[in-house]
Amino acid sequence: MNVTVLRSQNEQDGITAKTHEEKEFVYKTTDLNLWYGSTHALKNVNLDLYENEVTAIIGPSGCGKSTYIKTLNRMIEMVPGVKTSGEIQYRGRNILDKSYGVEDLRTQVGMVFQKPNPFPKSIYENIAYGPKIHGIKNKKVLDEIVEKSLRGAAIWNEVKDRLKENAYGLSGGQQQRLCIARCLAIEPDVILMDEPTSALDPISTLKVEELIQELKNDFSIIIVTHNMQQAARISDRTAFFLSGEVVEYRDTTTIFSNPTDKRTEDYISGRFG
Amino acid sequence: MNKLVDKEIVAKKMPSRIIRNQVFKGLFFLSTLFGLLVLGVLFYRIITQGIGYLDLDFFQNFASRRPENAGIKAAIIGTIWLMVVVAPVSLILGVGTAIYLEEYAKKNKFTSFIKLNISNLAGVPSIVFGLLGLTIFVRALALERSVLAAGLTMSLLVLPVIIVASQEAIRSVSKELREASFAMGATKWQTVLKVVLPASIPGILTGGILALSRAIGETAPLIVIGIPMFVAFLPKTIMDTFTVLPMQIYNWTSRPQAEFQDVAAAGILVMLVLLILMNSIAVFIRNHFQKRY
Amino acid sequence: MPRGNDKEYSVQQMITEKRLKKKNHFNFEKIIPGLLLLTAVLSVLTTIGIVFTLIFETFIFFDRISIIEFFTNKKWYPFSATDASFGIMPLVVGTLKVTGIAAIVAVPIGLATAIYLSEYASEKARRIIKPILEVLAGIPTIVYGFFALTFVTPILKQLIPSLETFNALSPGIVVGIMITPMVASLSEDAMSSVPRSIREGAFALGATKLETTIKVILPAAVSGITASVVLALSRAIGETMIVSVAGGSTPNASFDVTSSIQTMTAYIVQVSTGDAGYQTTIYYSIYAVGMTLFLFTLFMNLFAQFITRKFKEEY
């Protein structure tokens with residue numbers, strides 16, 4: 001997808017073009033291809049993701065949206081037999097380059113998963129985990145980080161009296177916000193979210209969505225969702241994936257009100273997927 | 001129309017088929033009861049036979065030629081000494097191997113060879129481990145009939161049990177937890193140490209305790225490496241010689257005087273209580289922690 | 001975040017500082033896999049140690065006693081001062097007698113128990129019975145030996161007056177009892193891994209539980225069951241204390257189960273508790289016997305693994 005074209009289109013539409021102009025890229029994906037063994041899962045993906053925005057990635061199951069987001073912090077490497085070609089620049093450096101330390105990358109780029117996955121430890125220890133593994137051991141600093149992160153994830157008031165209790169005692173929605181807080185604890189630059197509300201009830205989903213709206217002031221958020229209403233509600237930009245390709249990528253308002261590609265239109269009007 | 005299935009015949013045969021099913025169910029159940037029955041008889045026998053010798057003296061006395069003076073002190077202390085060597089050695093080696101196989105090993109011929117080797121090692125008779133211990137530890141490394149030589153031999157013997165239990169425990173830690181840790185920028189070893197091991201500790205401990213109880217009850221390898229059965233002193237270091245509960249029991253069992261059979265039963269009682277205690281702890285750990293993860 | 005001063009602290013900055021400091025440190029991450037590999041290799045070294053120990057000492061033994069005599073001579077009189085003979089046959093026969101009797105006890109009872117637990121028992125019954133079987137499997141063999149000598153043999157003597165104090169029958173039965181839980185639990189695993197849908201298919205046709213078990217479940221689980229029996233019998237062959245305590249020390253190649261016998265394992269125990277000197281022929285003979293025993297059990301274990309892998313049911 002050509003970004004300049006996109007931008008001029010935005011200007012034509014007169015929508016939020018100015019704010020986009022000022023923003024920088026966090027990720028710049030160029031000709032990304034990915035194979036699981038012989039399955040070609042991502043085909044020539046070109047996608048630029050902006051700072052301090054919520055970018056939604058939508059598409060039917062198996063379209064490659066989860067694969068793409070997992071490539072952004074190289075979690076995809078945990079799948080045996082994965083091969084990639086092309087480039088993903090994060091803040092100007094190609095992360096697919098083997099010399100890029102994967103731990104460094106993931107310290108900058110946090111991730112929230114489909115199913116809440118807190119550690120079987122206390123709420124406090126869950127949050128302190130990231131800072132601790134990165135060498136922060138000072139108890140006072142850790143206390144501050146824990147409080148700040150839990151406040152940041154809008155869960156502090158619910159758990160402040162039981163920080164020492166096991167995180168498994170929390171409800172599913174609380175667990176997911178705890179996982180977001182855990183992510184915030186190392187103050188990442190980008191937060192990747194892989195269908196973060198798909199295992200949650202509607203009320204918990206709403207809370208997480210509100211949280212995402214707040215978080216975008218301090219973080220760049222990339223969220224995979226198969227819920228189009230969600231994408232429309234919370235994101236600034238939306239990319240539509242189909243069979244491993246980016247079909248359309250533009251302003252969320254535009255893509256939902258006035259899609260240019262027939263396939264996008266079919267998908268968002270519920271004709272398939 | 002010619003019917004292939006005659007409903008009448010089927011209906012006629014049905015009651016006898018159902019009766020046969022009931023009869024066999026009874027047979028299967030009785031067979032199951034047989035094991036439980038044997039266990040009951042065995043415990044009853046040993047308790048009635050041995051309880052008379054269980055007094056304070058029995059725990060305070062060393063071995064003696066006279067049954068009424070015979071005691072189990074050296075064997076109990078010796079068993080504890082043996083555990084002091086076996087527990088750390090076998091746990092470090094066993095858990096280390098399990099972590100390697102589950103977290104680090106690549107899927108190649110060498111790894112599957114190690115796995116095949118471990119499952120075969122589990123099937124080697126314990127007495128053969130005694131021959132290994134005799135040649136390597138007692139003679140070649142000149143450790144003599146010491147606590148250390150016996151402990152190392154026993155550690156190798158129970159190693160497969162700990163490896164397999166730890167592997168299962170590590171494997172049961174969900175992929176999501178590992179992902180969460182890696183996504184925070186944790187290294188592999190940090191993830192293993194801070195997430196995988198804590199979550200698999202209950203399983204590892206359960207396996208470890210079962211392995212230790214196996215080591216407590218084993219006799220054959222110790223006979224082969226020449227651990228004495230008649231000891232009237234306590235070891236002071238791991239280089240001293242000693243005896244353990246099953247050796248002492250074997251000694252009493254093989255004596256001709258009938259009274260010594262009762263002493264043996266008393267010794268067995270002590271050993272069984274110790275083992276049941278350990279197994280209860282293992283079961284407790286398993287039940288207590290299993291639900292949470 | 002109030003911190004007493006206005007300066008906003010940054011976690012990322014702290015992380016970077018820590019990382020720079022750490023760079024000079026000893027790199028743990030790199031040596032850990034090596035250390036772990038070392039522990040894993042130790043288990044391989046144990047096997048190599050066993051094999052080499054046995055081979056090495058057995059060769060010395062075969063220097064003194066010909067390998068042909070070892071396998072063909074039908075007499076095992078190692079302690080005879082004038083006319084020592086080392087034919088392993090009687091020890092093997094003794095071992096096989098005990099193993100055979102154990103199989104007669106353990107296979108039907110173990111299988112029936114497995115069928116009951118897997119097909120008939122309620123969840124509650126299973127929860128009670130399985131731990132008890134585990135206890136039975138966890139009892140030290142010396143206890144079983146004591147039980148055989150002081151309980152089973154006297155009872156058998158009442159039934160068979162000609163039974164000797166030491167014999168093959170009593171330890172055989174008790175070894176059978178010892179390996180029953182192993183047959184039961186491994187076979188039960190094999191049977192319960194037959195998927196529910198296969199069972200339901202048979203039940204839906206109106207088959208009784210017995211018919212389903214015999215015609216559907218058992219054939220589907222046959223490789224797992226065979227493996228469990230082979231493994232249990234390999235265990236019986238290597239069993240030492242029961243036969244040492246209750247079997248006697250009279251090697252003989254007859255198939256009589258009422259007279260005193262000696263198994264391979266019991267012979268090793270006899271020599272180890274006796275006063276045979278280091279580096280005598282008798283000393284080396286325990287390695288030759290141990291080697292024979294090791295090969296027996298090794299082939300049985302490999303065979304069990306082979307059938308589980310070869311005939312692994314695909315559901």
Side-chain angles (χ1 to χ4, degrees), chain B residues 17-18 20-21 24-25 27-29 31-32 34-36 38-39 42 45 92-93 96-97 99-101 104 114 117-121 123-128 131-132 135-136 156 159 163 187-189 213 217-220 223-224 226 246 249-250 253-254 261 264-265 268 271-272 275 279 283, chain C residues 28-29 32-33 35-37 39-40 42-44 46-47 49-50 53-54 57 109 112-113 115-117 120 129 131-133 135-136 138 140-143 145-147 149-151 177 180-181 208-211 231 234 238 240-241 245 265 268-269 272-273 286-287 290 293-294 297-298 301 305:
Chain B
R17 283 168 60 195
I18 289 169
R20 215 167 49 176
N21 180 40
F24 270 87
K25 179 181 177 180
L27 278 177
F28 295 144
F29 180 63
S31 300
T32 309
F34 175 77
L36 312 190
V38 170
L39 194 69
L42 193 146
R45 258 303 275 208
I92 290 171
L93 293 179
T97 305
I99 295 175
Y100 177 76
L101 289 176
Y104 286 92
I114 293 181
N117 171 67
I118 289 165
S119 53
N120 274 317
L121 210 54
V124 173
S126 62
I127 197 164
V128 174
L131 292 172
L132 174 77
T135 318
I136 306 288
L156 295 183
L159 197 54
I163 294 175
T187 61
K188 186 133 206 176
W189 178 239
S213 46
E218 271 293 344
T219 327
I223 293 179
V224 177
I249 293 164
Y250 176 56
T253 307
S254 43
Q261 304 299 337
I268 289 174
M271 182 166 69
L272 287 182
L275 291 177
N279 276 282
V283 169
Chain C
F28 220 41
E29 203 67 35
I32 286 290
L35 286 178
L36 294 174
L37 175 64
T39 63
L42 209 93
S43 68
V44 178
T46 306
T47 311
I50 288 173
T53 302
L54 291 177
E57 308 281 33
I109 296 179
T113 306
I115 293 174
Y116 180 73
L117 288 177
Y120 288 91
I129 294 168
I132 298 179
L133 287 178
V135 172
L136 205 57
T141 53
I142 179 69
V143 179
F146 176 83
F147 186 66
L149 182 71
T150 65
F151 184 74
I177 292 170
T180 298
T208 63
K209 260 197 175 157
L210 180 68
E211 289 156 352
L231 283 177
S234 147
T240 309
M241 295 320 292
V245 169
T265 51
I268 299 174
V269 166
S272 301
T273 51
I286 62 174
Y287 288 93
L293 176 69
F294 175 73
T297 54
L298 178 70
N301 291 334
Q305 279 163 16

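Below, chains carry the letters A, B, ... as their sequence lines are ordered, and counting in each starts from 1.
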Seminar exercise, completed: If one checks every heavy atom of B:Ile268 against chain C at 4.5 Å, the contacting part turns out to be side chain
Exercise. Any side-chain heavy atom of B:Arg20 sitting closer than 4.5 Å to one from C:Thr208?
Worked result: no
Seminar exercise, completed: Whatever's closer than 4.5 Å to a heavy atom in chain C on B:Ser254 counts as neither
For this session: Pick one of side chain, backbone, both or neither for C:Phe146, based on which atoms fall under 4.5 Å of a heavy atom in chain B.
Result: both
For this session: Please state whether the side chain, the backbone, both or neither of C:Ile32 comes within less than 4.5 Å of a heavy atom of chain B.
Result: side chain
Problem set entry | Shortest non-hydrogen separation from C:Ile142 to B:Gly217 and the atoms involved | CG2-O, 4.3 Å
Problem set entry | Pairwise distance CD1(B:Ile99) to CG(C:Leu36) - rounded to 0.5 angstrom | 5.5 Å
Exercise. Side chain, backbone, both or neither: which part of B:Leu42 has a heavy atom under 4.5 Å from chain C?
Worked result: both
Exercise. Rounded to the nearest 0.5 Å, what separation is found between the OG1 atom of C:Thr39 and the OH atom of B:Tyr100?
Worked result: 9.5 Å
For this session: Considering non-hydrogen atoms only, spot the tightest contact between B:Gly35 and C:Leu136 and give its length.
Result: O-CD2, 3.7 Å
For this session: Please report the closest heavy-atom contact between C:Met241 and B:Ala220, naming both atoms and the distance.
Result: SD-N, 3.9 Å
Problem set entry | Short side-chain to backbone donor-acceptor contact, B:Asn279 and C:Val135, under 3.5 Å | no
For this session: Report the option among B:Thr253, B:Leu272, B:Leu159, B:Thr97 that has the most heavy-atom pairs separated by less than 4.5 Å from atoms of chain C.
Result: B:Thr97
Exercise. Going from NZ on B:Lys25 to NZ on C:Lys209, what distance comes out if it is rounded to the nearest 0.5 angstrom?
Worked result: 6.5 Å
Exercise. For B:Arg45, which residues count as a salt bridge (Lys or Arg N to Asp or Glu O under 4.0 Å) partner, sequence neighbours excluded?
Worked result: none
Problem set entry | chain C contact via B:Leu121 - which portion, at a heavy-atom distance below 4.5 Å | side chain
Exercise. For the candidates C:Pro33, C:Pro131, C:Gly238, which exhibits the highest count of non-hydrogen atom pairs separated by less than 4.5 Å from chain B?
Worked result: C:Pro33
Problem set entry | Max heavy-atom pair count under 4.5 Å with chain C, selected residue of B:Val224, B:Leu101, B:Leu275, B:Ile249 | B:Val224
Exercise. Non-hydrogen atoms of chain B under 4.5 Å away: do they reach the side chain of C:Ile50, the backbone, both or neither?
Worked result: both
For this session: Heavy-atom distances under 4.5 Å only: say whether C:Thr265 touches chain B with side chain, backbone, both or neither.
Result: both
Exercise. Non-hydrogen atoms of chain B under 4.5 Å away: do they reach the side chain of C:Leu149, the backbone, both or neither?
Worked result: side chain
Problem set entry | Side chain / backbone / both / neither for C:Thr150 at chain B, heavy atoms under 4.5 Å | both
For this session: List the atom of B:Val38, the atom of C:Phe147, and the distance in Å for their closest heavy-atom pair.
Result: CG1-CE2, 4.3 Å
Problem set entry | Option that, when pairs with chain B are counted at under 4.5 Å, heavy atom only, ranks first among C:Leu133, C:Val245, C:Val143 | C:Val143
Problem set entry | Passing option when C:Thr46 is tested against B:Val124, B:Leu132, B:Ile118, B:Asn117 for side chain to side chain contact (heavy atoms under 4.5 Å, CB included) | B:Leu132
Seminar exercise, completed: Okay, C:Thr180 and chain B: the region with an atom under 4.5 Å from a heavy atom over there is neither
Seminar exercise, completed: On a heavy-atom basis, the closest approach of B:Ile114 and C:Ser43 is CG2-OG, 4.3 Å
For this session: Heavy-atom pairs under 4.5 Å with chain B are the metric here; pick the option from C:Ile115, C:Leu35, C:Leu231, C:Ile129 that has the most.
Result: C:Ile115
Exercise. How long is the gap from CD1 on C:Ile109 to CZ on B:Phe34, to the nearest 0.5 Å?
Worked result: 4.0 Å
Seminar exercise, completed: Most heavy-atom pairs under 4.5 Å with chain C, out of B:Ser126, B:Ser119, B:Ala264, B:Ser213, belong to B:Ser119
For this session: Mind ranking B:Leu131, B:Val128, B:Leu36 by heavy-atom pairs under 4.5 Å with chain C and telling me who comes out on top?
Result: B:Leu131
Exercise. Between C:Leu42 and B:Leu156, what is the shortest heavy-atom contact and its length?
Worked result: CD2-CD2, 4.3 Å
Exercise. Would you say B:Ser31's side chain and C:Thr113's backbone share a donor-acceptor pair under 3.5 angstrom?
Worked result: no
For this session: Would you tell me whether B:Tyr250 and C:Thr273 have side-chain atoms, one donor and one acceptor, within less than 3.5 Å of each other?
Result: no
